[in-house]
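Have a look at the structure below before the remarks.
All chains are named by letter (A, B, ...) in the order of the sequence lines, taking the proteins before the strands, and each is independently numbered beginning at 1. In what follows, every heavy atom counts, from backbone to side chain, and hydrogens, waters and symmetry copies are set aside.
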There are 2 protein chains.
Amino acid sequence: MTKSDPSLVNSKVLADFKVGVDNVIFSVDTKQNRLLVLLSKRKDEPFSGEWGLPGTLVRQGESLEGAAYRILAEKIEAKNLYLEQLYTFGGPNRDPRESPHSFGVRYLSVSYFALVRYEEAQLIPDQFNNTTWYIIEKVPQLAFDHNQILEYGYRRLRNKLEYSPIAFDVLPELFTLSDLYQFYETILGTNFADYSNFRNRLLKLGFLLDTEIKVSRGAGRPASLYRFDPVAFAPLKDKPMVFI
Amino acid sequence: MTKSDPSLVNSKVLADFKVGVDNVIFSVDTKQNRLLVLLSKRKDEPFSGEWGLPGTLVRQGESLEGAAYRILAEKIEAKNLYLEQLYTFGGPNRDPRESPHSFGVRYLSVSYFALVRYEEAQLIPDQFNNTTWYIIEKVPQLAFDHNQILEYGYRRLRNKLEYSPIAFDVLPELFTLSDLYQFYETILGTNFADYSNFRNRLLKLGFLLDTEIKVSRGAGRPASLYRFDPVAFAPLKDKPMVFI
DNA sequence: ACAAAAGTGTTGGTGTTACACCCATGG
DNA sequence: CCATGGGTGTAACACCAACACTTTTGT
């Protein structure tokens with residue numbers, strides 16, 4: 001209590017916060033094998049005109065997750081998605097609206113991580129806010145600490161993919177094993193695993209049901225369509241490294 | 001934008017927040033093989049006199065992590081510890097200070113997860129706030145949603161233990177392999193793994209250095225003291241299931 | 001000498017890796 | 001008939017669980 005505090009203001013005065021929610025929304029363009037992240041051009045200060053993660057301030061009576069879903073709904077039409085809380089960034093001076101010597105409000109960002117089905121995720125056109133999918137490797141300098149948040153979300157995506165069945169929230173109901181393999185490849189990088197071993201491991205685990213329906217994609221032998229069985233997966237929850 | 005909002009207040013009005021930090025602080029009493037969590041009896045309303053996680057509201061100029069360390073420092077003297085952010089609980093009406101129809105402030109809790117060395121963690125006596133270590137199985141009903149936060153932290157602890165070397169932030173500099181084994185046992189439950197297999201696996205990984213110093217603990221053959229080598233561990237980062 | 005704790009070894013089974021190979025189709 | 005992508009098989013090896021066994025101490 002008697003400890004000296006280096007801050008500029010009375011150390012016992014509570015901070016007042018505005019709480020924002022920022023979303024790191026990923027999708028996989030399976031046709032072109034690209035991992036995409038949704039960015040929007042800011043229309044308000046600060047950082048007006050620059051790119052940033054889609055975000056919003058939390059309204060009265062609104063839950064954090066509620067705000068996260070609201071952002072999503074304002075930007076894209078997405079029926080199939082996975083969403084979870086990522087991290088809370090709350091240091092002082094992460095937002096220029098906090099003037100250095102002000103007794104004013106602090107800005108805190110609770111970030112959410114989402115994965116959506118690309119083919120279905122129609123961008124909602126907006127005359128003011130320019131919103132686009134960016135290839136992950138080509139993301140520019142972003143507003144605030146959003147590059148850092150994005151980096152954090154990207155790490156979470158790769159980790160999550162290894163033990164969590166989030167791929168099936170986002171793949172079509174029926175998919176071939178190559179579809180699944182390519183999905184993993186575009187996120188984790190090519191040669192993340194041998195294809196035939198990937199097949200064998202997953203099929204042995206028994207939560208992929210072969211529908212026996214065959215589809216032909218150009219030349220080559222037709223592939224079987226599979227379906228994810230959540231019930232059969234249940235016992236593998238919190239078992240690590242299921243997919244790799 | 002035209003979507004109807006079920007909340008009681010104007011859906012476009014931003015919420016004002018007070019941000020609290022609540023800590024789930026664990027320690028392992030290795031002498032008695034008990035996993036402990038630090039609780040303190042609240043001296044202020046709401047829930048005055050009831051047990052809760054040690055927490056504080058964030059002050060002006062203070063970072064979230066800074067607030068987390070401040071709580072720790074106010075409750076216990078701890079030199080060796082591990083601390084990371086856990087989760088942010090921020091739904092409306094999680095704090096009774098938000099009256100149902102008020103336009104007033106919302107209370108949000110950013111929770112942190114900590115593991116400290118029990119032997120060194122001297123409780124700082126406080127005439128008002130009663131602070132104690134509770135055996136995890138005997139935690140009573142807590143204030144707010146703190147039981148939920150604790151449950152979340154407990155899950156994180158068990159997961160983290162499996163792939164992260166947090167045990168070595170909290171064990172003494174030199175320890176025997178039985179010390180390490182017991183540490184894991186008290187957190188993950190007895191028979192989480194066969195002792196001799198646990199030994200062999202860890203030693204083969206090569207980040208435990210045998211100092212050749214022997215210690216005798218009562219009867220039985222004296223044990224070697226080992227030291228954790230962070231450099232040798234580095235390549236195993238983000239490899240899963242290192243310890244079990 | 002005996003119990004207790006530390007540490008080593010063995011064995012059968014399971015999983016993984018890195019391939020080679022066969023199958024069905026389009027052009 | 002051959003290139004292409006889908007799918008199966010396998011030999012070598014690493015790993016792992018379970019348990020028996022040896023070593024070194026205190027009493």
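Seen from the ring of B:Tyr154, B:Arg156 does not count as a face-on cation partner, given the 6.0 Å and 45° thresholds.
Between the CG atom of B:Leu177 and the C1' atom of C:dT8 there is a distance of 13 Å, rounded to whole Å. Rounded to whole angstrom, the span from the CG atom of A:Asn197 across to the P atom of D:dT8 amounts to 13 Å. A:Arg201 places its CZ atom 18 Å from the P atom of D:dG9, with the value rounded to the nearest Å. Atom pair A:Leu203:CG and D:dG9:P shows a separation of 12 Å (rounding to whole Å applied). Spacing between atom CZ of B:Phe198 and atom C1' of D:dC15 amounts to 17 Å, rounded to whole angstrom units. Note: CG (B:Leu180) to P (C:dG7) measures 12 Å, nearest angstrom. As a whole-Å value, the separation of B:Leu202 CG from D:dC15 P is 14 Å.
Set against C:dC19, C:dA6, C:dG26, the side chain of A:Ala219 has C:dG26 as its closest nucleotide. Comparing atom distances between the B:Tyr195 side chain and each of C:dA24, C:dG7, D:dG7 picks out C:dG7 as nearest. The B:Ser178 side chain lies nearest to C:dA6 when the options are D:dG7, C:dA6, D:dT25. Side-chain atoms of A:Ala223 lie closest to D:dG7 of the nucleotides D:dG7, C:dG7, C:dT25.
For A:Asp194 and B:Gly220, each mapped to the nucleotide of DNA chain D holding its nearest heavy atom, the one lying further toward the 5' end belongs to A:Asp194. Where B:Asn200 and B:Asp179 each meet DNA chain C at their nearest nucleotide, the meeting point lying more 5' is that of B:Asp179.
A salt bridge is defined here as a Lys NZ or Arg NE, NH1 or NH2 lying under 4.0 Å from an Asp or Glu carboxylate O, and B:Arg70 with B:Glu74 meets this definition. A salt bridge between A:Lys79 and A:Asp169 is absent, with no side-chain N of the basic residue lying under 4.0 Å from a carboxylate O of the acidic one. Under the 4.0 Å criterion applied to side-chain N and carboxylate O atoms, B:Arg199 and B:Asp194 are not assigned as salt-bridge partners.
In this structure, a donor-acceptor pair under 3.5 Å is present between the side chains of B:Asn80 and B:Glu120. Residues A:Arg117 and A:Ser27 bring no donor and acceptor atom of their side chains to less than 3.5 Å of each other.
Contacts between residues 204-218 of chain A and DNA chain C, defined by a heavy-atom separation under 4.0 Å, are made by A:Ser216, A:Gly218.
At the phosphate of C:dG7, OP1 or OP2 sits under 4.0 Å from a side-chain N or O atom of B:Arg199. B:Arg221 has no side-chain polar atom (N or O) that falls below the 4.0 Å cut-off from OP1 or OP2 of D:dT22.
Under the 3.5 Å distance criterion, the side-chain polar atoms of B:Tyr87 are left unmatched by any main-chain donor or acceptor of B:Ser109.
For a distance-only test at 3.5 Å, the side chain of A:Ser196 qualifies as a donor-acceptor partner of the base of D:dG9.
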